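Here the structure is laid out as structure tokens; the discussion comes afterwards.
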Amino acid sequence: MKRFFVNLKNKFLNFDYKTYCRNNVLFLTFVVASVINGLLIRVFTVKNFLDIRPIISDCAMIIIIGAFGYLIKPKRRFIYYLIWSIIFSAICIINSMYYTNYLSFSSISLLATSFLIVDVGDAIVENVMELKDFCYLWQIIAILFVHIKLLRSKYYDKLISFKHIFRNNIFAGLFLLIIFSFTLSPSDISRITKQWNREYVVMRYGIYTYQFSDIFASLTPAINSMFGYDKSAKIFRDYYNNNSYVASNNEYSNIFKGKNVLVIHAESVQQFTMDTSINGVSLTPNLNKLASEGMYFNNFYAEESVGTSSDSEFTFSTSLLPATSGTVAINYWDRDYPTIQKKFKDMGYYIFSMHGNNCTFWNRNLLHQSFGYDKFYCYTDSFDIDETIGLGLSDKSFFKQSIKYLKDIDKNNANWYGTMIMLTNHTPFSYIGDYSDLDVTYKYETVDSESGKVIKKSYPYLDGTVLGNYFKSVHYADQAIGQLISDMDKEGLLDNTVIVIYGDHDAKIKKSEYEYYYNFDKKTGTVLDKNDPNYHEITDYEYEINRKVPFIIWSKDNVNYKSSKIGGMIDVLPTLGNLFGFSSKYALGHDLLSVKDNLIVFPDGNWITDRMYYNSQKGEALLFDSEYPISVDYIEKNNALADEKITVSNSIIVYDMIRSLEKQSSIMKNGG
Ligand code: GP9
Ligand code: MN
């Protein structure tokens, strides 16, 4: 190994750079110009020009692409570099314009629609094109200029075959790629595969790698939907033929008919936080109050997949499970979905959503249109970033700024349905600092044996830990919700409104954090040893089960209902449907106020009932009541049902089955 590096070093030191440059003028012009443009676009957009990592990534990508030029005869090589220079400049120009409008980067899957949704009458159009967007054209001019000069000096006639340079350049590109890959964290890798935070991907990987990964991600749905349509259509038809919709009829049916709805998407709020106090202070006094006065489901799962927030929004809105490959928000946002939003719209409601983050995060600017929202109030258009915590605008400021919009909406519409997506309580929670007044040090009093005086003491306890920061952050989020409810009340906005609150998914806190928390000995201020018989080890099952989130439905009418029965995001549409008087024949969930033996399926095929948790990958089960035996039949029946729900959801998501079959039936009706 050592010899390899010594050889490598010698090769670098003894390399004849002058001759190399003289023989590779066009290639080097292409590489240097492309790297400079890659840097320029980051300077003009995300402004992270000091980071060397995206430069390495850009270089690797450009060198590998440029290397293929050496497979072409010297005289024709110019065409190759010119074409790539045009492509690269176009990538920079389009993204530069796109960024001005959306504070994000373009995707080939969105490009046509995204430019369509720019309001032509709006002042924003004046900013669609700016002079700086075209500065990238210099690359094409430079390539042309260099080529003409080389042509005049008969440079190409002197060049001989350069296949070995092709090979060397490929090696150089791959070498840089390997170096770059060492700098990647698991979250960097996850972000490039999911593509939901395109700004981050460009900052980290550079514009070219971003754009190529985007092309790949954009083609996935088209490729997936090319195969297996017939099989999926059959499963879809069979399922709905055998499971036709049955309307709920219970004492809660239609009780909220005609009321307004405000849905609060409570970022990363897990249910157990509602049962947690630190130094006697409840983490979530406001949520607890709403839960105790209203309808509260404390055994409820978000059922999200890699699309996290956006998956929860999807399952909440449609009563379908998220996509098994890719995400609905990024890859399949344009399908025809039966949503809660469309149901309320059919009842004459004005439908809106609000979020203090960039409008394009999770592709919401398009996803929300597809769900049926009339308007999406988001940071770029509707909110001032006057207080930043973590990912962006603080929840308290977001809610404060929302009140004026809510008042307007309430004044101008007989009925409305709105979703407010919170942001502050988002991992890594470390930015919460002084914004939260929760103290997570452990405080206690002791009596001094000599003087008999009471002495106040403390242990750092959860201070500085991720879980401690999460608790502080949840406490902040809870206060923000309390503030919103009280501000709405002051404005009379609560009198005819039902508040619906859900935690969108768990906080992704490591097991070791919980183990520290559960094994902290408050008497000694130390953590129990792993070998101690009282040590509480968090098993995979305990961790999974603890991922549940709260689901609350509250109104001033004091409709009180508490349930510890299993439920999930897939049940929201049927439950609200029962309360507000609508239904969807495609819903895969159940009305939580009627269901007896519910089955909650996770997108990976695992499932949970009131009796057991089943891990379908391992074929392993955890029984909640060991006295109550489970039959193999019970497991097989639920496995089949879980599989059906996943497959039917995917048939709607991937093959746009509802649109496709409804189109077919309307053609048949019209005799086409
Ligand atoms: C982004 C926010 C976070 O706007 O909704 O999404 P998440 O990381 O939780 O999926
Ligand atoms: Mn989220």
Side-chain angles (χ1 to χ4, degrees), residues 247-266 269 271 274 282 284-300 316-317 340-341 343-354 399 402-403 406-407 409-420 422 478-503 549-565 567 569 571-583 589-595:
S248 274
N249 190 4
N250 53 44
E251 59 182 298
Y252 301 98
S253 301
N254 300 324
I255 52 165
F256 292 142
K257 206 172 172 65
K259 283 192 179 284
N260 300 325
V261 189
L262 189 82
V263 177
I264 301 177
H265 170 116
V269 172
Q271 189 278 330
M274 289 181 63
S282 159
T284 57
N286 293 293
L287 285 178
N288 288 56
K289 184 170 181 289
L290 297 171
S292 78
E293 293 171 1
M295 305 175 113
Y296 176 38
F297 303 86
N298 72 355
N299 201 2
F300 181 91
F316 180 101
S317 302
I340 286 185
Q341 292 80 356
K343 297 289 169 190
F344 276 103
K345 202 176 182 139
D346 290 346
M347 297 193 286
Y349 280 56
Y350 175 70
I351 318 291
F352 64 92
S353 54
M354 296 186 185
F399 283 150
S402 305
I403 294 291
L406 289 178
K407 274 166 65 184
I409 291 166
D410 191 59
K411 206 169 86 194
N412 298 322
N413 299 280
N415 276 119
W416 47 266
Y417 171 102
T419 302
M420 299 184 103
M422 296 176 73
D478 176 81
Q479 275 178 359
I481 292 173
Q483 172 209 294
L484 173 74
I485 303 283
S486 121
D487 287 352
M488 283 180 73
D489 203 14
K490 276 183 214 145
E491 299 293 346
L493 291 165
L494 278 189
D495 302 335
N496 189 37
T497 302
V498 176
I499 303 281
V500 177
I501 304 176
Y502 65 91
V549 296
F551 180 52
I552 301 168
I553 304 169
W554 177 91
S555 75
K556 279 191 161 184
D557 315 285
N558 285 329
V559 181
N560 205 299
Y561 184 92
K562 307 285 167 271
S563 172
S564 292
K565 285 185 144 299
M569 210 62 93
D571 298 323
V572 173
L573 189 154
T575 308
L576 295 186
N578 178 35
L579 295 168
F580 286 87
F582 64 85
S583 64
H590 299 101
D591 168 24
L592 288 170
L593 304 156
S594 298
V595 68

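All of these numbers come straight from a predicted model, not from anything done at the bench.
Taking the six-membered ring where tryptophan is involved, the planes of Phe297 and Tyr561 are tilted, since the angle between them lies from 30° to 60°. Between Phe352 and Trp416, the angle of the ring planes lies from 30° to 60°, which puts this pair in the tilted group.
At distances below 3.5 Å, at least one donor-acceptor pair connects side-chain atoms of Asn415 with backbone N or O atoms of Gly258. Lys343 contributes a side-chain N or O that, together with a main-chain N or O of Ser583, makes up a donor-acceptor pair within less than 3.5 Å.
With contacts defined as side-chain heavy-atom distances shorter than 4.5 Å, the pair Ile264/Leu484 qualifies. Contact check for Tyr349 versus Gln341: no side-chain heavy atoms found under the 4.5 Å cut-off.
Rounding to the nearest 0.5 Å places CG of Asp495 at 4.0 Å from NZ of Lys556. Atom OG of Ser402 sits about 10.0 Å away from atom CE of Met488, to the nearest 0.5 Å. The distance from the CE atom of Met569 to the CZ atom of Phe316 is 7.5 Å, given to the nearest 0.5 Å. Interatomic distance, CG of Asp410 versus OG1 of Thr497, reported as 6.5 Å (0.5 Å rounding). To the nearest 0.5 Å, atoms CG (Asn578) and NE2 (His590) are separated by 13.0 Å. With values rounded to the nearest 0.5 angstrom, Gln483 atom CD is found 8.0 Å from Ile403 atom CD1.
When the options Leu593, Leu592, Leu576 are evaluated for a side chain to side chain contact (heavy atoms under 4.5 Å, CB included) with Asp571, the one that passes is Leu592. Remark: of the listed residues Leu262, Leu406, Thr419, Leu406 is the sole one forming a side chain to side chain contact (heavy atoms under 4.5 Å, CB included) with Met354. Exactly one of Val559, Ile553, Val261 qualifies for a side chain to side chain contact (heavy atoms under 4.5 Å, CB included) with Leu579. That residue is Ile553.
Residues Asn260 and Ala414 share a closest heavy-atom pair of OD1-O, 3.9 Å. The two residues Ser564 and Asn299 make their nearest non-hydrogen contact at O-ND2, 3.0 Å. Ala266 and Met422 make their closest contact through CA-SD, 3.9 Å (heavy atoms, listed as atom of the first residue, atom of the second, distance). For Asp591 against Pro574, the heavy-atom pair with the smallest separation is N-CB, 3.5 Å. Taking every heavy atom of both residues into account, Tyr296 and Pro550 meet most closely at CE1-CB, 4.2 Å. Here the shortest heavy-atom pairing between Phe582 and Met347 reads CD2-CE, 3.7 Å.
Side-chain contact, Ser555 with Asp557: a donor N or O sits under 3.5 Å from an acceptor N or O.
Ring centers of Phe551 and Tyr502: at least 6.0 Å apart, outside the cut-off.
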Hey, can you pull the donor-acceptor pairs under 3.5 Å for the side chains in residues 285-295, sequence neighbours left out?
from, atom 1, to, atom 2, distance (Å)
Asn286, ND2, Asp478, O, 3.2
Asn286, ND2, Asp478, OD2, 2.9
Asn288, OD1, Thr284, OG1, 2.5
Asn288, ND2, Met274, O, 2.9
Lys289, NZ, Glu293, OE2, 3.0
Ser292, OG, Lys289, O, 3.1
Glu293, OE1, Trp554, NE1, 2.9

(message) As a quick check of understanding, evaluate side-chain contact (heavy atoms from CB on, under 4.5 Å) for Phe580 and Val498, giving each step before the final call.
(response) CA-CA 10 Å; Phe580 286 87; Val498 176; 3.8 Å; yes

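For Lys490 and Asp487, the salt-bridge test passes: some basic side-chain N is under 4.0 Å from an acidic carboxylate O.
Remark: Lys407 NZ is loosely packed, at most 12 non-hydrogen atoms of other residues, nucleotides or ligands lying under 6.0 Å away.
With sequence neighbours excluded, no residue satisfies salt bridge (charged side-chain N to carboxylate O under 4.0 Å, His left out) with Lys411. Listed by chain and residue number, Asp374 satisfy the salt bridge (charged side-chain N to carboxylate O under 4.0 Å, His left out) test with Lys345 (two or more places apart in sequence, or in another chain).
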